[in-house]
Participant: 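Okay, here's the structure, questions in a sec.
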Number of protein chains: 2
Amino acid sequence: MKKKLSGPTLRRLPRYYRIVCEHFERGEEYIRSVEIARRLDVDETQVRKDIAAINYSGKPKIGFNTKEFKAHLESFLDLSNAKKAFLIGAGSLGLALAKYTGFNKYGLDIIALFDVDPHKIGLKIAEKEIFHISEFTEKVCEQDIKIVIIAIPGEEAQKMATLAVNSGIKAIWNFAPINIEVPKEIIVANQDIAADFVILSMKIDENKG
Amino acid sequence: MKKKLSGPTLRRLPRYYRIVCEHFERGEEYIRSVEIARRLDVDETQVRKDIAAINYSGKPKIGFNTKEFKAHLESFLDLSNAKKAFLIGAGSLGLALAKYTGFNKYGLDIIALFDVDPHKIGLKIAEKEIFHISEFTEKVCEQDIKIVIIAIPGEEAQKMATLAVNSGIKAIWNFAPINIEVPKEIIVANQDIAADFVILSMKIDENKG
DNA sequence: TAGATTGTTAATCGATTAACAATC
DNA sequence: TAGATTGTTAATCGATTAACAATC
């Protein structure tokens, strides 16, 4: 049984993974904690602590073997095990997410899209078919889907979330700019990209002051 | 001079803003800290502490006036003051960001897009013209742009970041799935959405275990 | 007034950082 | 061996939570 990691540590791990991949792909055999720390602007002791927390270890004087460390992170973060998901909303954001190539590497496999626009039904985006939302519940059951991504403009997002929950979905990744509410056993991540901008913009102000 | 907020507090403020807006638009005059806490799954004392940190106060027994509190957050987070930005990349993600309507409310105004594809140059997306990247530096100066959003597939992102820095940009919001590196006086937010998925997916695993 | 909620001080908890020992 | 880097224990720091006072 994995011991539970702290939130901050968990959030740093995918960032380590990215850096380690970059080094590995560049053909570098080892990476040192100070290098990871510099790239991500965290403390180097922090990096080693986090690595210790996932039971990996490096070699004193040499560093961490990029290939091994990468594999360890993939195993720990369960990246190789593709998780099937449905995507609600074939608007511009939905299409962008459907076409996004970075997800496979991180264990996300978007299987199909759903929309209400009759002009879109039947089209294929990046080899994923667009179905009418009325087929959603049935297909969730058929294909044993646990994750749904919501990418519609807002007002309808809560309704779609409720539909998803009633269809047996276990986790919702919400890109609509509202805070959706679902029963507490359902996992929700409200991806508020505008809020992320606000944080960036506050940092700019700080730099000026 | 604003006293500096902690990172966690700063990250919660836009979430409070969203909830307060929702209540205000629903016509509710007051909101209580316990309600905000419930909606965002944080501690209610935390909410009051955060509110105190931005020098706002409510009324005992009644709560926080939604209209006033909303205005206070807008002022504190500087949401009313539109920040001009350029967007590099008119691919599907770039278009989705250009069309995204939620940004205005959060103080972001995307002025124009840049790309290299000759078929796209001159087109308009949500009233924003697409220019050739060769015009970037000149237009940054002309329009005194401080922020650039990078939405291209990856390999080229570092080059574009460097171009942006050389053009005098002060902050970069990077959607490309690489960790871009720039001089330390430049503010960078690497928006790694795949990483956000990993965190969601780990939470699902925890729920099972 | 009584009760409910805000506001604040004190206590706890956990994450980060510092110091240093272990190791190749 | 000397030096560099990992790994770990201890100290610090800051965020969260708990307790309770203030207030309408």
Side-chain angles (χ1 to χ4, degrees), chain A residues 2-16 19-20 23-24 28-73 76 199 202-203 206, chain B residues 2-16 19-20 23-24 28-73 76 199 202-203 206:
Chain A
K2 277 175 196 171
K3 79 188 134 216
K4 205 177 163 240
L5 297 180
S6 77
T9 295
L10 179 55
R11 281 189 290 275
R12 282 189 294 266
L13 293 176
R15 306 175 68 202
Y16 297 163
I19 299 295
V20 172
H23 273 249
F24 175 70
E28 291 168 42
E29 201 171 352
Y30 287 90
I31 187 167
R32 287 165 300 138
S33 54
V34 68
E35 172 72 5
I36 299 175
R38 188 186 62 76
R39 289 290 306 276
L40 297 173
D41 200 25
V42 297
D43 188 271
E44 66 167 297
T45 308
Q46 186 76 269
V47 173
R48 292 200 293 274
K49 266 258 171 120
D50 289 338
I51 295 172
I54 59 171
N55 301 309
Y56 186 66
S57 57
K59 293 190 183 123
K61 199 182 165 176
I62 297 184
F64 301 86
N65 181 291
T66 52
K67 187 176 179 181
E68 262 183 40
F69 187 22
K70 179 173 171 290
H72 192 90
L73 280 167
F76 190 91
I199 294 158
M202 293 299 280
K203 281 189 202 161
E206 270 170 33
Chain B
K2 278 176 197 172
K3 81 187 132 215
K4 206 177 163 238
L5 298 179
S6 76
T9 295
L10 179 55
R11 281 188 291 276
R12 283 189 294 265
L13 293 176
R15 306 175 69 200
Y16 297 163
I19 299 296
V20 172
H23 272 249
F24 176 70
E28 290 166 42
E29 202 171 351
Y30 287 90
I31 187 166
R32 286 166 300 137
S33 55
V34 68
E35 172 72 5
I36 298 174
R38 187 186 61 76
R39 289 290 305 277
L40 296 174
D41 200 26
V42 297
D43 188 89
E44 66 167 294
T45 308
Q46 186 75 269
V47 174
R48 291 200 292 276
K49 267 256 170 122
D50 289 337
I51 295 173
I54 58 170
N55 302 308
Y56 186 65
S57 57
K59 294 188 183 125
K61 201 183 165 178
I62 299 184
F64 302 85
N65 181 291
T66 51
K67 187 175 177 181
E68 261 182 41
F69 187 22
K70 180 172 170 287
H72 192 90
L73 279 168
F76 189 90
I199 293 159
M202 292 299 281
K203 283 189 199 160
E206 270 170 33

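A note on names: the letters A, B, ... follow the listed sequences, proteins ahead of strands, and every chain is numbered from 1. Both backbone and side-chain heavy atoms feed into the values below; hydrogens, waters and symmetry mates do not. Every value quoted in this text rests on a predicted model; they were computed, and no experiment measured them.
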Participant: Determine, for nucleotides 11-24 of chain C in 5'-to-3' order, which nucleotides have protein heavy atoms under 4.0 Å from the base (write B), from only the sugar-phosphate (write S), or from neither (write -).
Facilitator: ----SBBB----BB
Participant: Walk me through whether B:L13 and B:L5 qualify under side chain to side chain contact (heavy atoms under 4.5 Å, CB included).
Facilitator: CA-CA 10 Å; B:L13 293 176; B:L5 298 179; 3.5 Å; yes
Participant: Going by heavy atoms in the side chains, are A:R15 and A:I19 under 4.5 Å from each other?
Facilitator: no
Participant: Just so I know, are the side chains of B:R48 and B:I51 near enough to count as touching, which here means a heavy-atom distance under 4.5 Å?
Facilitator: no
Participant: Within this structure, what is the CZ-to-P distance between A:R32 and D:dA4, rounded to whole angstrom?
Facilitator: 11 Å
Participant: A:H72 side chain to A:I54 main-chain N or O, any donor-acceptor pair under 3.5 Å?
Facilitator: yes
Participant: In terms of relative ring orientation, are B:Y56 and B:F69 parallel, tilted or perpendicular, with 30° and 60° separating the classes?
Facilitator: parallel
Participant: Can you give me the dot-bracket string for DNA chain C, 5' to 3', counting Watson-Crick and G-U wobble pairs with both distances under 3.5 Å, using [ ] for crossing pairs and | for partners on another strand?
Facilitator: ..||||||||||||||||||||||
Participant: Could you tell me how far apart B:I31 (CD1) and C:dT5 (P) are, to the nearest whole angstrom?
Facilitator: 13 Å
Participant: Please evaluate residues B:M202 and A:L10 with respect to the criterion side chain to side chain contact (heavy atoms under 4.5 Å, CB included), reporting the C-alpha separation (whole Å), side-chain torsions for both, the decisive distance (0.1 Å), and the verdict.
Facilitator: CA-CA 9 Å; B:M202 292 299 281; A:L10 179 55; 3.8 Å; yes
Participant: Give the rounded distance in Å between these two atoms: CG of B:N65 and P of C:dT5.
Facilitator: 17 Å
Participant: Within this structure, what is the CD-to-C1' distance between A:E44 and D:dT8, rounded to whole angstrom?
Facilitator: 14 Å
Participant: Between A:N55 (CG) and D:dT6 (C1'), how many Å, whole number?
Facilitator: 16 Å
Participant: Are the side chain of A:T66 and the backbone of A:E28 linked by a donor-acceptor contact shorter than 3.5 Å?
Facilitator: yes
Participant: Can A:R38 and A:E35 be counted as an ion pair, charged N to O under 4.0 angstrom?
Facilitator: yes
Participant: Could you check how far OH of B:Y56 sits from C1' of C:dT6, rounded to whole Å?
Facilitator: 12 Å
